[in-house]
Amino acid sequence: MRKNVAAGNWKMHTTVQEASLLAGQLNALLDAKNVGENTRVILGVPFTHIAVVGQVVNRNLISIAAQNCAAEEKGAFTGEVSAEMLKSAGCDAVILGHSERRAYYGETDEIIKTKISLTLKNDMQAIFCCGEVLEEREKENHFNIVKAQIENALFDFSAEDMKSIVIAYEPVWAIGTGKTASAEQAQEMHGFIRQTLAKKFGQEVADNCSILYGGSVKPANAKEIFAKPDVDGGLVGGAALNAESFHAICLAF
Ligand code: 13P
């Protein structure tokens, strides 16, 4: 059975010291009141914070994700961080294809596919992000956009590979805007994504894939969104930067 996942994406926030404090606070809250057995908590932290956060938290309570990795294995790529390096630093997962990486750093589905492949090769989970921009939704083209993103980035992987891939649907118009997709809009897209997976990989793969919603998830709306049958949790930006609010979201299943 697929897992519920509460994943925080800290983006480019917090110093190492602040991160250590925040992770420690969350760890204490989860230690006092933990999520159910079928729920996984993941923190997506900046590269520089991986080792420190890894030491602060109980790894049975909290997994650690990076927010990107290089599209090359190793070599003369100044400033890049490889999947192998992330694994060796203690990462369990890598967030890939976030809309901010697509929009500001020119990441294409082809590049994202390569990064997913390197992530899986290094025994980490890939959290693959997809989602339409406002104009695409207004033109009612959102299903086609998300379908194309999934086809281009994921369809060359095997059913076995899909066991290590989590999908995060993040409508770009809902990210950091305070404007959440309604629980119905989320369910509609998540159901469509699961159907798309079922057609390509079979029903079992589709049923076992965790599909997260991202975009202005808060303690106040998490319960309603997570209650939808095809929503298996959230990828949380702003609200993950506060231990109490992220803890409340972790308990919203
Ligand atoms: P917000 O929760 O701040 O809208 O960010 C969502 C997001 O981009 C998570 O990856």
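All values derive from a computational prediction rather than experimental measurement. Counting convention: from 1, in listed order, for ligands and their atoms alike.
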Proximal ligand 1 atoms for G215, defined as those under 4.0 Å from one of its heavy atoms: 4 (O), 6 (C)
Option whose closest heavy atom lies nearest to atom 5 (O) of ligand 1, chosen from K11, E100, K218: K11
Q67 and H98 side chains, donor-acceptor separation under 3.5 Å: no
Ligand 1 contact by G214, heavy-atom criterion under 4.0 angstrom: no
Any donor-acceptor pair under 3.5 Å from R101 side chain to E107 backbone: no
Within reach of ligand 1, part of N9 (heavy-atom separation under 4.0 Å): side chain
Side-chain donor-acceptor pair present, R194, Q203, cut-off under 3.5 Å: no
Interfacing atoms of ligand 1 (cut-off 4.0 Å, heavy-atom, S216): 1 (P), 2 (O), 4 (O)
Numbered atoms of ligand 1 (with element) below 4.0 Å of E170, judged on heavy atoms: 6 (C), 7 (C), 8 (O), 9 (C), 10 (O)
Which of the ligand 1 atoms, numbered from 1, are nearer than 4.0 Å to a heavy atom of G238: 1 (P), 2 (O), 3 (O)
A174: numbered ligand 1 atoms lying under 4.0 Å from its heavy atoms: 4 (O)
Check: Y213 side chain, A181 main-chain N or O, donor-acceptor pair, under 3.5 Å: yes
Joint cluster assignment, F253 & F246, ILVMFWY side-chain distance < 4.5 Å: yes
Atom 2 (O) of ligand 1: nearest protein contact (heavy atom, Å): G237 N, 2.9 Å
Polar side-chain atom of T14 near backbone of W10 as donor-acceptor pair, under 3.5 Å: no
Near-ring test F201/F157, centroid separation under 6.0 angstrom: no
